[in-house]
Amino acid sequence: MHCQTTGSWGSYMPTPRTSVGDPLERIERLASENAVVIFSISSCCMCHAIKRLFCGMGVNPTVYELDEDPRGKDMEKALIRLLGTSPPVPVVFIGGKLVGAMDRVMASHINGTLVPLLKQAGALWL
């Protein structure tokens, strides 16, 4: 899916069900497969806001809705360990690197460092 004003967000990717192992390794692998990856929960208002931010910038993020994944709870716990905070979503990776939760993404946007990150990752062309 592409970002649209009708409510669709980026590319929704079902998380592969064949991989077994550490949830953190799975997160790292999924995060490295696309320029912008958001780990989200479909009913989370902050997740909705972060998806709107990226779509409004012309970025087509890959979104993993953890509440729709059978192993999403394990991934949530791994994200809590990774970030050291709860709630664990939204979490954004750009170019395979952890940017962080909503506060870090918004701070990067405000201080002007988000756009260069997106350009470097190939998520923005202009």
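The figures that follow rest on heavy atoms only: side chains count, while hydrogens, waters and symmetry mates do not.
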Give the cluster check for Ile80 versus Tyr64: same hydrophobic cluster or not, with ILVMFWY residues linked at side-chain heavy-atom distances below 4.5 Å. no
Ile27 and its side chain to side chain contact (heavy atoms under 4.5 Å, CB included) partner, picked from Val37, Leu79, Asp22: Leu79
Here the gap from Arg81 atom CZ to Lys77 atom NZ, rounded to the nearest 0.5 Å, amounts to 9.0 Å
Answer yes or no: is there an ion pair linking Lys51 with Glu65, defined by an N-O contact shorter than 4.0 Å? yes
Distance-minimising heavy-atom pair for Gly100 and Arg104: CA-CB, 4.2 Å
Compare every heavy atom of Ala121 with every heavy atom of Ala35, then report the nearest pair and how far apart it is. CB-O, 3.5 Å
Reported OG-to-CG distance for the pair Ser42 and Leu66, which is rounded to 0.5 angstrom: 9.5 Å
Arg29 and Glu25 ion-paired at < 4.0 Å: no
Between Ala78 and Leu24, which heavy-atom pair has the shortest distance, and what is it? CB-N, 3.9 Å
Please answer whether the main-chain N or O of Pro23 pairs with a side-chain N or O of Asp74 as donor and acceptor at a distance below 3.5 Å. no
Classify the angle between the aromatic ring planes of Phe93 and Phe39 as parallel (below 30°), tilted (30 to 60°) or perpendicular (above 60°). perpendicular
Any heavy-atom pair between the side chains of Ile50 and Met46 that's under 4.5 Å? no
